[in-house]
Amino acid sequence: MEDNVPQTTIGYPVVVNLEEQYADVPGESGTGYAIRVLVDGARSMETGAPLTAAAWYRAALGLLADAPERQGLRPDLLLALARTYARAGELPKCRATLAELHAPDTPGQSDPYQVSQREFEIATLVTEGRTNRQIARQLMVSHKTVETHLARIFAKVAVSSRAELAGLVGRARIVARPRRKTRAETGAAR
């Protein structure tokens, strides 16, 4: 493990102001880097020290509140946490974590992400397990067009995998933006 990764033992706070410690890291926010450090550290400890790894995953989940652009990581972190609790023999905590994963979003969270009609259609097809080529055939566009739309969707909703995207669609965290009226439609209404 790297020297700059915070050390911990069970019962000792996992994070002591990581955001400040990593605030000056170029190219990433202090919070984003702190989350990455915690997750990397937790992964390295999963087998040998699962309860410590679980504490690190919990700390990373706690930092997500300060990093809305990283909310897509939440399902993966909860799954990793549940797996770690199971490895440690903490089955009640494992069940509670899985329930947290499947719980509906809490009120007060930010509004769903809005994407274009076409992007929503592609995101829905991704959720169904379709490949880019299958989506392209169904929508009668090139697979490169599908790749471009997916890159835009990933950037808009801050995810990095098809699974994260599917999770957001499944929890209704992505919605299609209302279609704009054409000039003909707006002119006819006058």
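What you see below is based on every heavy atom in this structure, not just the backbone, and it leaves out hydrogens, waters and symmetry mates. Sequential numbering from 1 along the given sequence is applied to the chain's residues.
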Taking all non-hydrogen atoms of both residues, which atom of [X] and which atom of [Y] are closest, and how far apart?
X    : Y    : result
L38  : W56  : O-CE3, 3.4 Å
V169 : A123 : CG2-CB, 3.9 Å
L91  : A86  : CD2-CA, 4.4 Å
A54  : L81  : O-CD1, 3.4 Å

Just jot down the side-chain hydrogen bond (donor to acceptor under 3.5 Å, both in side chains) partners of [X], sequence neighbours excluded, or say none.
X    : value
R152 : none
T145 : S142
R130 : E128, Q138

How would you list all residue pairs meeting side chain to side chain donor-acceptor pair (under 3.5 Å) that involve residues 156-170, not counting sequence neighbours?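 The answer is E119-K156, N132-R162, S160-E164, S161-E164.
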Mind checking what makes side-chain contact (heavy atoms from CB on, under 4.5 Å) contact with [X], not counting sequence neighbours?
X    : answer
L139 : R118, E121, I122, L125, I135, V141
A176 : Q117, F120
A53  : A42, M45, E46, T84

Report yes if the side chains of I174 and L165 come closer than 4.5 Å at any heavy-atom pair, otherwise no.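 In short, these two side chains touch, coming nearer than 4.5 Å.
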Pairs meeting criterion salt bridge (Lys or Arg N to Asp or Glu O under 4.0 Å) with involvement of residues 54-64, two or more places apart: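 Qualifying pairs: R58-E100.
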Looking at R177, I want to see if its CZ is surrounded by more than 12 non-hydrogen atoms of other residues, nucleotides or ligands under 6.0 Å.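 Counting other residues, nucleotides and ligands, CZ of R177 exceeds 12 neighbours.
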Rounded to the nearest 0.5 Å, what's the gap from CZ on R74 to CG on L168? Could you check?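 With rounding to 0.5 Å, CZ (R74) is 11.0 Å from CG (L168).
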